[in-house]
Amino acid sequence: MALLLLAGDPAQAAARTRRDDVPLIHTRRQWNAESPKCRAEVLDRHPDHIVVHHTSTPNSTDLSLAHAYQLSRQIQRFHMNVRGWNDIGEQLTISRGGHVMEGRNGSLKAILAHRNVMGAQTHSHNHHTLGIENEGNYMKSPVPERLWDALRDVCVWLCRIYDLDPYKAIVGHRDFNRTECPGDVLYGRLPELRRGVAARLSGHDPSVLAQDPLTPGAADPTGSPVAMPPLSPEPTGAMPPSLGSGR
């Protein structure tokens, strides 16, 4: 793995592991995260699934980096002060402007070491998943191009680091928990996301890749699809309803 590259101060917080195919990641220092209640647990294994979430917050038209930093601070305050968790729940957050932020403390360092930190973003499955929180509500609204491009880039990066098959690894929150997250529109585009990531990893045109073999439905920790009961509406409120471990 290439050395961590920093750019600027405090914008030194941005990191890349490959110049040609890695998204810019803004660290907790850059978005001015609060100190966690305790250090996140670094797991002795890498994740086998990348879980796509939406924040279920308003679909902001502010695409600025300043707004993205504010979003991460808002989510962290909600997770810590309202839900009572130790820190922000997910490992990575992407704003509608396509800005990618480090989430839970230690996430970026763990990823670069081919490991993972225990998040609080997918109830009963935090021990083997990595969560990406995407700003907005995508039950009916289209996914912004900047966010979509960043999500694809991040998934390429993670699949490469962890040697994951995107067709098996990339799932939606509703594949593990009874929730509407990540919204019907974003969830419906996950087959396209898997194909796009696979194309980047293989160097092939996504239009000629095999049809996505992952069928709708949840996956157990081994990745096997299982039947899910009908979805229940997510709790209303101004901040992410994503279920977690309570940690």
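What you see below is based on every heavy atom in this structure, not just the backbone, and it leaves out hydrogens, waters and symmetry mates.
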Trainee: In the single-linkage hydrophobic clustering (I, L, V, M, F, W, Y; side-chain heavy atoms under 4.5 Å), do Leu164 and Leu112 co-cluster?
Mentor: yes

Trainee: Arg174 side chain to Glu180 main-chain N or O, any donor-acceptor pair under 3.5 Å?
Mentor: yes

Trainee: Do His99 side-chain atoms and Ala68 backbone N/O form a donor-acceptor pair below 3.5 Å?
Mentor: no

Trainee: Is the number of heavy atoms from other residues, nucleotides or ligands under 6.0 Å of Asp163 CG greater than 12?
Mentor: no

Trainee: Which atom pair, heavy atoms only, marks the closest approach of Trp31 to Gly103?
Mentor: CZ2-O, 4.2 Å

Trainee: Let me see the working for Leu158 and Ile132 under side chain to side chain contact (heavy atoms under 4.5 Å, CB included), right down to the final yes or no.
Mentor: CA-CA 11 Å; Leu158 294 174; Ile132 303 175; 4.1 Å; yes

Trainee: Does the pair Asp149/Arg146 count as a salt bridge with the N-to-O cut at 4.0 Å?
Mentor: no

Trainee: Nearest heavy-atom pair of Met101 and Tyr69: which atoms, and what distance?
Mentor: CG-CD2, 4.3 Å

Trainee: Using ring-ring contact (aromatic ring centres under 6.0 Å, His included) as the criterion, point out the one residue from His123, His127, His128 that pairs with Phe176.
Mentor: His128

Trainee: Taking the side chain as everything from C-beta on, heavy atoms only, tell me whether Asp184 gets closer than 4.5 Å to Lys140.
Mentor: no

Trainee: So, taking the atom named CZ in Arg189 and the one named CZ in Arg195, what distance separates them when rounded to the nearest 0.5 Å?
Mentor: 10.5 Å

Trainee: Using side-chain heavy atoms (C-beta onward) and a distance below 4.5 Å, is Leu201 in contact with Cys159?
Mentor: yes

Trainee: Given Arg115, which partner from the list Ile161, Leu43, Asp44 fulfils the side-chain contact (heavy atoms from CB on, under 4.5 Å) test?
Mentor: Asp44

Trainee: Backbone N or O of Glu133 within a donor-acceptor pair of the Glu90 side chain at under 3.5 Å?
Mentor: no

Trainee: What I'd like to find out is whether the side chain of Asp175 reaches to under 4.5 Å of the side chain of Tyr187, using heavy atoms alone.
Mentor: yes

Trainee: What are the two closest non-hydrogen atoms of Ile94 and Leu151, and how far apart are they?
Mentor: CD1-CA, 3.6 Å

Trainee: Are His53 and His173 close enough that their ring centers fall under 6.0 Å?
Mentor: yes

Trainee: Rounded at 0.5 Å granularity, tell me how far CE in Met118 sits from CZ in Arg104.
Mentor: 9.0 Å

Trainee: Looking at every heavy atom in both Gly136 and Asn59, which two are closest together, and how far apart are they?
Mentor: CA-OD1, 3.1 Å

Trainee: With side chain to side chain contact (heavy atoms under 4.5 Å, CB included) as the test, would you mind laying out the steps for Leu92 and Trp157 before giving the verdict?
Mentor: CA-CA 12 Å; Leu92 296 168; Trp157 177 55; 4.3 Å; yes

Trainee: Decide yes or no for Ile111 and Ile25: does some side-chain heavy atom of the first lie under 4.5 Å from some side-chain heavy atom of the second?
Mentor: no

Trainee: Membership question, hydrophobic clusters at under 4.5 Å side-chain separation (ILVMFWY): are Leu71 and Met80 in the same one?
Mentor: no

Trainee: Ignoring hydrogens and angles, tell me if any N or O in the side chain of Thr129 forms a donor-acceptor pair with the backbone of His125 under 3.5 Å.
Mentor: yes

Trainee: Indicate if Leu108 and Tyr162 have the same hydrophobic cluster label, given that clusters are the connected sets of ILVMFWY residues with side-chain heavy-atom separations under 4.5 angstrom.
Mentor: yes

Trainee: Strictly distance-based, threshold 3.5 Å: is any side-chain N or O of Gln76 a donor or acceptor partner for the main-chain N or O of Ile88?
Mentor: no

Trainee: What's the shortest heavy-atom distance between Asn86 and Cys38, and which atoms?
Mentor: ND2-SG, 3.4 Å

Trainee: Under the 3.5 angstrom rule, does the side chain of Arg194 hit a backbone N or O of Ile170 as a donor-acceptor pair?
Mentor: yes

Trainee: Should Glu135 and Thr93 count as side-chain neighbours, where that means a heavy-atom distance under 4.5 Å?
Mentor: no

Trainee: Less than 4.0 angstrom from a charged side-chain N to a carboxylate O is my criterion; do Asp153 and Arg200 meet it?
Mentor: yes

Trainee: Do Asp87 side-chain atoms and Asn105 backbone N/O form a donor-acceptor pair below 3.5 Å?
Mentor: yes

Trainee: Do the side chains of Arg45 and Asn116 get nearer than 4.5 Å, heavy atoms only?
Mentor: no

Trainee: Report yes or no: do Ser60 and Asp62 form a side-chain donor-acceptor pair below 3.5 Å?
Mentor: no

Trainee: Please check this pair: side chain of Arg96 against backbone of Leu63, looking for a donor-acceptor N/O pair closer than 3.5 Å.
Mentor: no

Trainee: Is there side-chain contact between Thr57 and Phe78, with at least one heavy-atom pair below 4.5 Å?
Mentor: no

Trainee: Please report the interatomic distance CG(Asn137) to CG(Leu186), rounded to the nearest 0.5 Å.
Mentor: 10.5 Å

Trainee: Spell out, as yes or no, whether a donor-acceptor pair under 3.5 Å connects the side chain of Gln91 to the backbone of Val117.
Mentor: yes

Trainee: Measuring from atom CG of Leu65 to atom CD of Gln70, what distance do you get when rounded to the nearest 0.5 angstrom?
Mentor: 12.0 Å

Trainee: For Ser35, does its backbone N or O pair with a side-chain atom of Arg28 as donor and acceptor, under 3.5 Å?
Mentor: no

Trainee: Taking the inter-plane angle between the rings of His79 and Trp85 on a 0 to 90° scale, is it parallel (under 30°), tilted (30 to 60°) or perpendicular (over 60°)?
Mentor: tilted

Trainee: Closest heavy-atom contact between Tyr138 and His54?
Mentor: N-ND1, 3.1 Å

